Amino acid sequence: MISVSLMFLQDEFLSAQDALPQKTTIKLGPEPRLVVVYNSLEQRRTTVVTVTVDTPDAVVVEAESGRPIAAQISVVWEEPTRASTTTFQLSFIVDVPPLSLSLYHVTRSSSGSAPRSEYRVSAPDVRAEGFSVSPVQTQEQLKISNEHLEVSGDAPSGLMQKLRLHSGQVRQVQVQFLWYGTRNDRRDKSGAYLFLPGDEGEQPYTWSAPPVVRVSVGPVFSDITSCFPHVTHRVRLFHIKGHEGRSLQIQNTVDIRSEFNRELVMRLVTDVANGNRFSTDINGFQMLQRRTLSKIPLQANFYPMTSAAFIQDQARPGTRLTLLSAQSQAVAALKPGHLELVLDRRLQQDDNRGLGQGVTDNKRTESLYHLLLEEGGGPWGSHLSLLSHLSSLSLAHPPITMATPDPAAPKLRPFAALGSSLPCDLHLLTLRTLESEEGAGRPSHEAALLLHRKGFDCGSAPQPPPQCTWSAHEEVDLSGLWAGLKLRRLRPSGLTLLRLDDAPESARKQEKIPPMEIRAFRAELG
């Protein structure tokens with residue numbers, strides 16, 4: 001066991017009226033500050049970690065080897081056109097083992113510091129000291145790209161219009177924002193439990209003045225940000241290898257506290273010919289096909305989406321657009337090629353369903369997505385692709401970043417619980433010490449091990465290939481999985497872990513876990 005004193009980058013509320021956290025700023029000096037990155041996933045991953053520092057002159061190295069780490073310094077925007085002069089974002093690329101603690105040194109250095117983002121802004125006279133800032137030209141087409149994707153947006157709004165794939169194929173993927181109101185007669189109105197839009201249906205989101213649009217380009221990521229009165233919308237591409245570089249990250253920061261009986265929606269308008277069919281997930285486990293029907297009310301065509309939704313082309317069976325979400329939301333596909341999500345609701349009246357009040361406790365709220373456009377291969381089935389599963393896990397389980405409380409902290413060492421990655425389609429749901437039967441609160445020698453084997457669609461092989469492997473066989477070797485530990489005993493159990501006589505005790509090397517199944521074990525490690 002490694003006993004260390006760590007200070008999490010604590011979340012601090014900006015004010016009593018705001019819910020978004022603010023990262024604690026790390027104060028840098030000539031002595032290195034130790035940053036600890038915890039990867040809770042069971043696969044090796046290449047990802048981007050971002051911390052807030054008090055200087056743009058910073059370098060990152062791997063603690064054990066002293067190897068320089070690719071990094072990027074970015075502006076912290078306090079307002080759409082005002083950059084902070086005291087805090088900056090340091091983003092760096094990490095390649096971390098499964099279920100591990102990895103260590104990095106961050107140091108203040110005026111020579112050889114991390115490259116800085118370059119900005120282009122649509123508003124005049126915007127300055128960020130120490131950073132390159134140039135104007136966006138009127139009616140200019142905005143573009144950002146990595147080795148997998150190119151995103152094109154228009155200059156007035158900055159919103160995405162097209163995606164160009166690595167193959168050269170260009171697909172229409174437009175982002176729009178809409179309002180839904182509610183009924184204005186004496187019938188039931190929208191509330192906490194009811195969604196009853198007005199007879200006029202959706203209304204386009206309009207603005208009296210063009211939004212502030214910022215384009216940021218750097219070696220770690222590039223993005224386009226559009227600052228509207230009620231929502232700040234950002235699309236970002238990461239310049240990294242692996243599956244996290246394949247997807248487009250979409251982030252919305254929404255504030256509709258000034259509105260009256262309105263619901264804000266983000267709509268994707270694409271050229272995917274899906275007819276009236278789309279799919280959503282059920283509690284993150286299975287995908288279920290839905291149908292949009294014109295004969296039922298508009299609100300009846302909205303469905304819950306826990307973590308994923310996709311539409312796939314009926315004319316070109318190898319084309320699928322998948323939206324992976326970090327939060328649960330309502331989703332609909334009201335027209336062919338459309339996919340829309342309800343971002344926030346502000347409703348003044350009670351809908352007489354038991355709450356006794358309207359929905360008026362809104363805060364500034366963030367929503368985060370990964371968008372995948374996959375093409376090639378044979379017809380798709382009903383499951384997510386393997387690439388979608390990996391992207392969804394990365395979204396749901398971001399790396400946890402910690403920092404030592406002072407430069408004089410004790411020397412730490414990296415730690416990895418697993419000797420190798422689990423198969424790509426196997427997810428470690430739980431690994432926790434079980435309570436001893438001898439006394440309450442005392443640990444036993446056994447741990448609860450719950451594994452979920454995901455069913456994935458083989459219509460498109462992930463490119464580039466992931467660092468983990470998968471097999472058509474349903475058996476997995478658990479005996480040599482643990483780093484420095486030996487599997488002494490493994491007992492299959494029920495999901496409640498209460499039944500002890502499910503199967504005889506064994507130390508079998510292979511355990512059979514069929515796709516779309518969860519298996520529970522009582523494991524003794526030593």
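These numbers come from a predicted model, not from an experiment.
Just one of V359, N261, T360 meets the side-chain contact (heavy atoms from CB on, under 4.5 Å) condition when paired with R346; it is T360. When the options L426, L428, L429 are evaluated for a side-chain contact (heavy atoms from CB on, under 4.5 Å) with E42, the one that passes is L428. Paired with V272 under the rule side-chain contact (heavy atoms from CB on, under 4.5 Å), one option of R316, R171, Q172, Q314 passes, and it is R171.
Between the side chains of R290 and T280, a donor-acceptor pair is found at a separation under 3.5 Å. Between T232 and T253, the side chains place no donor N or O within less than 3.5 Å of an acceptor N or O (distance only, hydrogens not considered). E244 and T46 share no side-chain donor-acceptor pair at under 3.5 Å. Between the side chains of Q312 and R277, no donor N or O sits under 3.5 Å from an acceptor N or O.
Contact detail for V126 and V121: the closest heavy-atom pair is CG2-CG1, 3.9 Å. The minimum heavy-atom distance between F92 and A71, with the atom names listed, is CB-CB, 3.8 Å. When all heavy atoms of T81 and A123 are compared, the closest pair comes out as CG2-CB, 3.7 Å. Residues Q43 and N39 approach most closely at O-ND2, 3.4 Å, considering heavy atoms.
A salt bridge is defined here as a Lys NZ or Arg NE, NH1 or NH2 lying under 4.0 Å from an Asp or Glu carboxylate O, and D425 with R453 meets this definition. Between D185 and R187 there is a salt bridge, since at least one side-chain N of the basic residue sits less than 4.0 Å from a carboxylate O of the acidic one. Ion pairing of D188 with R183 is absent here, as no side-chain N (NZ or NE/NH1/NH2) approaches a carboxylate O to less than 4.0 Å. Electrostatic pairing of D95 and K241 does not count as a salt bridge here, judged by no charged N lying under 4.0 Å from a carboxylate O.
For the atom pair L20 CG and E366 CD, the distance stands at 5.0 Å (nearest 0.5 Å). Taking CD1 of I93 as the start and CZ of F238 as the end, the distance is 10.0 Å to the nearest 0.5 Å. Interatomic distance, CG of L288 versus OG of S279, reported as 7.5 Å (0.5 Å rounding). The line from CG of L390 to OG of S247 is 10.5 Å long, rounded to the nearest 0.5 Å. Between atom NE2 of residue H389 and atom NE2 of residue H383 there is a gap of 7.5 Å, rounded to the nearest 0.5 Å.
Judged by distance alone, the side chain of D344 and the main-chain N or O of N362 form no donor-acceptor pair under 3.5 Å. Looking at D350, its side chain does come within 3.5 Å of a backbone N or O of G356 through a donor-acceptor pair. Formation of a donor-acceptor pair under 3.5 Å by the D313 side chain with backbone atoms of T319 is not found in this model. Proximity of a side-chain donor or acceptor of T270 to a complementary backbone N or O of G337 within less than 3.5 Å is detected. Side-chain N or O atoms of Y119 include one that pairs as donor or acceptor with a backbone N or O of V75 at under 3.5 Å. Listed for the D457 side chain is a donor-acceptor partner under 3.5 Å among the backbone atoms of G381. R246 places no side-chain N or O within donor-acceptor distance of the main-chain N or O of L372, the cut-off being under 3.5 Å. Side-chain N or O atoms of E375 include none that pairs as donor or acceptor with a backbone N or O of G318 at under 3.5 Å. Under the 3.5 Å distance criterion, the side-chain polar atoms of S226 are matched with a main-chain donor or acceptor of S157. In this structure, N252 contributes its side chain and V254 its backbone to no donor-acceptor pair below 3.5 Å.
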* To do: Begin with the C-alpha distance, continue with both residues' side-chain angles, and end with the deciding distance and a verdict on side-chain contact (heavy atoms from CB on, under 4.5 Å) for L323 and L341.
  => CA-CA 10 Å; L323 187 70; L341 304 103; 3.3 Å; yes
* To do: Kindly determine whether T47 and S394 satisfy side-chain contact (heavy atoms from CB on, under 4.5 Å), including the steps that lead there.
  => CA-CA 9 Å; T47 188; S394 298; over 6 Å; no
* Evaluate the criterion side-chain contact (heavy atoms from CB on, under 4.5 Å) for residue pair T225 and H233; output intermediate values, then yes/no. => CA-CA 6 Å; T225 303; H233 172 78; over 6 Å; no
* Derivation and outcome, side chain to side chain donor-acceptor pair (under 3.5 Å), residues Q329 and Y369 -> CA-CA 11 Å; Q329 287 176 297; Y369 314 92; 2.5 Å; yes
* Asked: Could you go step by step and tell me if L264 and E259 meet the side-chain contact (heavy atoms from CB on, under 4.5 Å) rule?
  -> CA-CA 10 Å; L264 185 63; E259 295 305 302; over 6 Å; no
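When side chains are defined from C-beta on, I311 does not count as touching H338, because their heavy atoms never get closer than 4.5 Å. Residues L196 and K189 form no side-chain contact, since every pair of their non-hydrogen atoms from C-beta on lies 4.5 Å or further apart. Using a 4.5 Å heavy-atom cutoff, the side chains of F285 and I518 are in contact. Contact check for F310 versus W380: no side-chain heavy atoms found under the 4.5 Å cut-off. No side-chain heavy atom of E147 sits less than 4.5 Å from a side-chain heavy atom of H166. Using a 4.5 Å heavy-atom cutoff, the side chains of E202 and E340 are not in contact. With contacts defined as side-chain heavy-atom distances shorter than 4.5 Å, the pair D154/L142 does not qualify. Side-chain contact between V217 and S222: present, with at least one pair of heavy atoms (C-beta onward) separated by less than 4.5 Å.
Taking the six-membered ring for Trp, H230 and Y205 have ring centres closer than 6.0 Å. When ring centroids are compared, H397 and H427 come within the 6.0 Å threshold.
Within 6.0 Å of the CD atom in E118, the count of heavy atoms belonging to other residues, nucleotides or ligands does not exceed 12. Other residues, nucleotides and ligands place more than 12 heavy atoms under 6.0 Å from the CD atom of E517.
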